[in-house]
Structure formats: structure tokens, C-alpha cells
Amino acid sequence: MNRTPVLRHHCTKGVSLGVFCLFASMAVSAQSPVFQNTLLPEPSRMTTASGSIPFTKDFTVSLSGAHNVILEEATRRTLDAMEAYTGVQLNKAPQDANATLTIQVQDTTGTRPTLDTDESYSIDSTSNKVILQAKTVFGALYGLETLQQLLQVEDGHYAIPAVQINDSPRFPWRGLMLDVSRHFMPLPVIYRTLDGMAAVKLNVFHWHLTDDQGFRIESKRFPKLTLMGSDGLFYTQDQVRDVIRYASARGIRVVPEFDVPGHVTSWFVGMPEFASVQRPYAIARPFGVWDGALDPTQENTYKFLDAFIGEMADLFPDEYMHMGGDESNGKDWKATPHIVAFMQAHNMKSTEELQTYFSTRVLALVKKHHKQMVGWDEILNPGTPKDAIIQSWRGVESLSVAAKQGNRGILSAPYYLDGMKSAERMYLDDPIPDGSTLTAEQQKLILGGEVCMWAEQITPQTVDSRIWPRTAALAERFWSTRETRDVPDMYRRLAVESIRLDGLGLTHISGPQSGLRQLAGSEEGSSQLAVLISVLSPGSLHERYSQQKTSQLTPMANPVDYTRPDPPIREELVLLVERYLHSASPTEHTAAHQQLTNLFQSWIATGAALDSVAAEHPKLNQLSLRRAQLPKLGLLGIQSIDSIESHTVPTSAWVEEQSTLLKAAAEHSELTNFAILPPLQQLFEAAGKQ
Ligand code: ACM
């Protein structure tokens, strides 16, 4: 077969405008007989050939005689998804031979993924057969995910294109951390998060189960922890076992985190005897760093931790356990005479040294229970045992220091979703950055990365729109080659994957839409509101905190909660303005002109319409400034285009007025930021250059 390197298609993207769509990106592929690569993450090696397999009712599957429940279930799920996508009813019973899709797995004994599981797979599809091969069941699961993404429309029919893929991940640790303490996340959130992770080949669910604001895991040994520290919002051990089974069946490891010695206020509500300072403890409602810390000088503390870690080690089968270690401010230690005396007796000059003593003891307990310990980068210093894994949240440098010391590491610092940065900004940050001074051997100690979703300002209703689709872009950073860095191409594929993820039951698109209907009280009103919301993004954790002083008790069903970080229109408007200003093709220029005009007109129309919706729904007045600014920005766009088209130099009064508007719009305000200002600024500047 004539294999050719795969083409990257920078196809024209649709500009979605709230609930409208000016033209649909999928329509382009619907009419194209050419293979459209919408795989995300991008496979490490892929070649395409001409031809494809039509996807019809005759599509069948063979497992080559393998009997493995995980493989059988995953195959079934894949066929279900393909049926749902195409409307084609299949005979899903596995065939003995002569199937369209043959799955061959060397080792079919897998029941649970581990850090060293072989995750590679290959897909060889011709014009009549697909062969999926993998060494392990878990590699096969990734192959099945890729197969679903390969299914596409060619010449008005569904088909699987002829491709050869040899794929394996760049990093073995590709995680998502979810905080369920600040806001409890009920089981449906956990399950759908795992579905999304599996779809984009993430393989570690880091479950941040305890923090100042809630102790979310049932302890049978120490029931007061949950009884008094959780407001009744926690997971039973049976529920945890079910989650682990579900995750394992999707190739995902579950790594629990029990954050010590700080971030333990909720522990002390039921068990104050392990606190350094005796004071009344209640579940913390405000966020931030609390002074409460375990007493590291008492043997009872370690006896308790030994029993607790032992119980959790039995519950969580993964070989790794996260013991936190972040933001322990040392204040309570310094304020406690017997702790100060302990430090002096052991010649410790700082509370950091005392924390190293504590971490070393905790690590020994974790090892005693046959686990390896992960901790945040505060646990790193020259005395840190070599077998501790460092998760860096404060910067990439600590990973470098850790690797030079011989410690393995996981990068999280650039991947904090609550910073509300664009997918692009996070995507370009590599776990092994340019100019890294690590040797090849040291680089192997960088296990990968983890996206972090802290829950101060999210609820079960909004968590998905903060995690997705940005996390899918980061999944590519952790899976695909270092050289996979084409941002427009990533966004093109992400737009397709985002829709698919929402179809899996994630609610990053549908949730905010539902929220807007609640805010506006009608479908018509929510369509108007969607125009405004589509161009805004939520402020970062710190921006929002500084304006609102959020706590666990703050209502979070406000307009800002239904804005989306990195809303699709941000990247779309960048491309549209680029085409309008720079396309060499007159047809493209004219089309972009028309689309921009429609878009800006909709902003102008929305202002007045929303005024009447807000009159009935006062909560919308939380965005009264943004509501007033949007039509003005629309007018700025229209007038800039008029100026460019007519080659008219704008008056200095107009330039001054628009500059003031753009400056005001760029201020963080009403908990939101406009996401569309840079391309608007570009248009405005182009108008000024006539
Ligand atoms: C952290 O963000 N305190 C790990």
C-alpha cells in the first residue's frame, strides 16, 4: 500500500456565536473525501493511505478469542458510541474470525493499570479491514478510543479511513487532579470526569480527598474524621471501590491524596488531639492557608497516621499514595513551646527542616504499607528521600532540582485550571521545557504532568466547563511528541473533540447553556444572554477572590459561573480577523468581512435586548457594565471595518474614544474578562493606519 505522511488540514473553522453558528466546521469535512485528522491527542506516528472502510451494518468485531472483561466492555462501549454517532445498527456480538475489526492483545490478563503498564497500540486499517494490536488490554483501550475518533464522514457516508498508526505515550503519568474538599463533587461528576479522561488518554485520577474545608472519605478506623469533618458529604468505601473499578476499566489509575501536615482543619473537628495547637476547630469555610497542622513531635501522630494510611492503602490498590505537604506555614509549630523545644533538641533551624523530618516519617509509613509517596514540591529539600515523587505546583524549577537530586517528578505548575488561562498558554508549557539543563537520564525522572482542578470556585454544575475542553489539549501535551505544538491545529481538533466530550455526558457546553436559561428565565432571553456570555471568560481564582472574597458558602450560580474559560470565540475571532486583514484571497476576505459584520451586529443588538431581560431577572445586573460595553465594542468593530473598506482615516476624537473604551473593557470587572479584545484591537489599529 502506498503510505503517505499524514496531512495536517488547517481547514476553515466555524465561528460560533453564542447559540448561532455562522458556518459549521464539520460541514467542511462532510463534503470532503480527504482524510480529516481530528485525532486528539495526536498519535506519535501515523501515515495515511487512500481508501477507507465504509461503516455499515456489516461492520463486525473479533477479539481473537480473548476473554477479558475490561476489553469486552470497552469494545462494546466503542461499538455503542459508533452506532450512536452514525445511526447504523450493528451486530455487536464478537465474531470468531473474519471480522471487519480484529483486536489482538498479547497479554489479556490485565485488570488494573500501573505506572509501568505498556500503553502502546497500533491500528492498521485498509479498505476492508482494521487490525488493532496491543501488548496489553490497556493499550487496546487507547486504540479503541483512537478508532472512535477516526470514524468520520467521507463523501456523505460514514467511514474509517485507511491509516497506519503506531502510538505510545511520551509520558507514563498523565493526570488530572480533582479537589473534592472545597466543594464536594458527587459521584456522577467523578464518573463523567473519568469518561472524559479515558477519551483523551489521561491515565491518573488524582483524588484530592481531604482539605481544610472537608474530609471526604469514609474511615472505618476513625469514623469521627468523616462524621464531623464532612457536612455529611463524603464517599463511602464501597463507593470508592466502585469508582476504582470503573477507572481501571478505562485504563485510569486512582491516586488518593491525604494532605498533611497542613490543610487539615477538617481532620481536627473530630480529632483535635493530633493538632499542634489546641483551639476550637470547625470545618473551614473561607479558603486560603490555615495555621492548623498535625503535631509532628508526638509519636501518637505517627501511630494514628500508620493506622489511617494502612486503612487507605487497603482501599486504594494503586502503588502510589499522595500525602500532600503543601502550604504548611509553620505558624502553629513556632507558637508551640514543646514543638520549638523539639526542634532545638534535634538541631532544626527552621520549620521547613521540621517538615522534612515529618515527611520522612510519613514516607516510611507509606512504604510500610507497600506504597510509594507523592508530595507537593514543598517536601523537596536536600534531605528528601530519593524515592519520594515530587509534584511541582510552584514552578518548573523544582522538578529540575528534584531530578538532579534523583527524585522523580510530575509537573503541575503551568496546568492550574483555576488560573483560567487559555488552552494555548497551558498547552505550550512542556514538562521538559526548552533549555532544560537535565541530562537524558535525569529527564527520564520526569514522569509527566497533571492538570489541577481546585474547587474553591466551582460547583458540580460548573466543574466540567472549567476542566473541559482545555484538559483535552493538555492530554495531548502529555501523550504526544514534544514537537506537537501547532496551536491552530490543536484548536481545530479540540473543537471537534469538545463536542464529542459533551456527548459523553460531560456538561462543559450543555451545563452553561442550561445555566443561562435559569438566569434569563426563557429560551429567547438565554439566546440573547449567550451572545454576551460567549465573549467573556471568568476571572482567575485570584481576581475573583479579590473582588468577591469567595468562601465555601458563596453562591456560585451567577452569570460569571456560566462564562467559559477560553471560550471558542476567542481563537475563532483571532483567525477571522487574521483572514479579514491578511488573506490573499478576495473570496476569503469578503467572507470574513461578512462574518465579522454579522458578529458585531449581534453584539450591538444584544445590548438593548438584554436590558429588558435583566429588568425581569435582576441577577443579570451583575453584568451591567459588560452589557453596556458589548454593543460599543460591536460598533467599534463595524466602524473599524467601514474605515478600512473606505480607506478613510478615522477622526482623532473617534480614536481617542475607542482607545478609552478598549482600555476600560480590558479591566477585570464584574468577575469577568473580555476574551475577544486582542483581535478587536488589531482591527482598530488597522483602521487607524488607513
Ligand atoms: C497547592 O496548590 N497548594 C498544591
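What you see below is based on every heavy atom in this structure, not just the backbone, and it leaves out hydrogens, waters and symmetry mates. We count ligands from 1, going down the list as the structure has it; atoms in each ligand are counted the same way. Not measured: the values here are computed from a predicted model. Quick note: residue numbers are just sequence positions, from 1.
For atom 2 (O) of ligand 1, the closest heavy atom belonging to the protein is Y416 OH, 2.5 Å. Of all protein heavy atoms, the one closest to atom 3 (N) of ligand 1 is D326 OD2, 2.6 Å.
In summary, the aromatic rings of F222 and F304 are positioned with their centroids under 6.0 Å apart. Residues F342 and Y357 bring their aromatic ring centres within 6.0 Å. Aromatic ring centres of W173 and Y320: separated by under 6.0 Å.
The N/O atoms of E327, backbone and side chain alike, include one that comes under 3.5 Å of an N/O atom in ligand 1.
Among T301, I339, V362, the one residue that satisfies the side-chain contact (heavy atoms from CB on, under 4.5 Å) test with P296 is I339.
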